[in-house]
Number of protein chains: 2
Amino acid sequence: MDQIDRKLLNLLQEDASRTNADLADAVGLSPSSCLRRIRRLKSTGIIDRIVAILRPAKAGRGMKALVTVELEHHGEQQTRRFLDLVTKEAAVIQAYSVSGETDVALMLHLKDMEAFDALCDPLFREGSNVARYHTMFVIRTAKETTAIPM
Amino acid sequence: MDQIDRKLLNLLQEDASRTNADLADAVGLSPSSCLRRIRRLKSTGIIDRIVAILRPAKAGRGMKALVTVELEHHGEQQTRRFLDLVTKEAAVIQAYSVSGETDVALMLHLKDMEAFDALCDPLFREGSNVARYHTMFVIRTAKETTAIPM
DNA sequence: ACTGTGCTTGCAATATTATTGCGTAGATAT
DNA sequence: ATATCTACGCAATAATATTGCAAGCACAGT
């Protein structure tokens, strides 16, 4: 993991569709060496995967909401059960168990307010383990990156 | 935007390193037609970009924290200034202005608690516009996807 | 200082994959 | 019926990835 590896990771996190020859040129290596490095970064697992990122607005998910949840019963078992439940929902993009007063934090990507309403019922209904939940609707996205600067 | 396009988007969001011939086979098209569809999805902007996703733990950012911030002055100008400030930080992966009591929500990817400490000072110090901030440290990541099911 | 080991490199040949031109078929509107 | 538009598959071609191989470099042990 030297300077060249880090530069490759930065470049690939920006745009993984660049050709190998192009990347090789950018870091000052031959294509074959460059390719071998990239393969190593993949096989060692520091590169987890290569994916397409969609534009949420054009994919019909223009609305985002951040929800913090406080459970009735905070036990390991109950928390796990709730996480299993929310994880199955397509609108739930991120789900974390967190420290502090709130037990679970969720990021939702939704079509509209109606979709939010429809999601609340199955997830937070009476009789589920949810004591309280607090919703923050995203007004402006100032930053949203998948890149970790190396 | 038909069923084939949606299937392609789902496949590419899972793994964008598959070959075109492979994808064509998966959706039952010839490679040339498949390629033309993918190019159209890119040019119309529904596919924003192709990127490498790193494994945070292996990239030295094993710690995550969610921070909600309440500003002293909630005005448009002041909010924008604060967002501009936090956006510059590499550890800030996501930054949103949100509705409700809290004005801004942040997702942090950090190396360790020391890095968190070092970040708090410049962002939330006395004299900045921050009235209160509340940190939730991520204990477990139950779900973290970039894919929007189509 | 010498030498063996392990690792990375670049080159050049080869294999794989992406891309394009072209003719055809279906759908829609005139 | 016919013009128009769009998407399709095939096959040739261009671009790109991949591999084998010999050489270079760094480091540890003698």
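Every chain is numbered from 1 and lettered A, B, ... according to where its sequence line falls, protein lines coming before strand lines.
Between the C1' atom of dT16(C) and the CG atom of Asp22(B) lies a distance of 13 Å, rounded to the nearest Å. When rounded to the nearest whole Å, the span between CZ of Arg39(B) and C1' of dA7(D) equals 14 Å. Straight-line distance from the CG atom of Leu41(A) to the C1' atom of dT8(C): 14 Å, rounded to whole Å. In this structure, Arg40(B) places its CZ atom 16 Å from P of dT19(C), rounding to the nearest Å. A straight line from CD1 of Ile38(A) to P of dT18(D) spans 9 Å, rounded to a whole angstrom. Taking atom CG of residue Leu23(B) and atom C1' of nucleotide dT17(C), one finds them 12 Å apart after rounding to whole Å. Rounded to a whole Å, the CG atom of Leu35(A) is 13 Å from the C1' atom of dA15(C).
Here Glu89(A) pairs with nothing under the salt bridge (charged side-chain N to carboxylate O under 4.0 Å, His left out) rule; sequence neighbours left out.
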Quick one: what's the B/S/- string for nucleotides 8-15 of chain D, heavy-atom cutoff under 4.0 Å, read 5' to 3'?
BBB-----
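Within a 6.0 Å sphere centred on NZ of Lys143(A), other residues, nucleotides and ligands contribute more than 12 heavy atoms. Under a cut-off of 6.0 angstrom, the local environment of CD in Gln77(A) is sparse, with at most 12 non-hydrogen atoms contributed by other residues, nucleotides or ligands.
Each of Arg40(B), Arg36(B), Arg39(B) was scored for a salt bridge (Lys or Arg N to Asp or Glu O under 4.0 Å) with Asp5(B), with one residue passing: Arg40(B).
Using a 4.5 Å cut-off on side-chain heavy atoms (C-beta onward), Leu119(B) and Leu108(B) make contact.
Cluster membership check: Leu83(B) shares its hydrophobic cluster with Leu123(B), using side-chain heavy-atom separations under 4.5 Å among Ile, Leu, Val, Met, Phe, Trp and Tyr.
For Arg18(A) and dA17(D), the shortest distance from a side-chain N or O to OP1 or OP2 is not below 4.0 Å.
Remark: Asp112(A) CG to Asp117(A) CG distance equals 10.0 Å, nearest 0.5 Å.
Classification of Glu76(A) and Arg140(B) as a salt-bridged pair holds, one side-chain N sitting under 4.0 Å from a carboxylate O. With respect to Arg37(A) and Asp2(A), a salt bridge is recorded, a charged nitrogen being found less than 4.0 Å from a carboxylate O.
In this structure, the helix from dA1(C)-dT30(D) to dT30(C)-dA1(D) shows an angle of 30° between the axis at its start and the axis at its end, each fitted on 5 base pairs and rounded to 10°.
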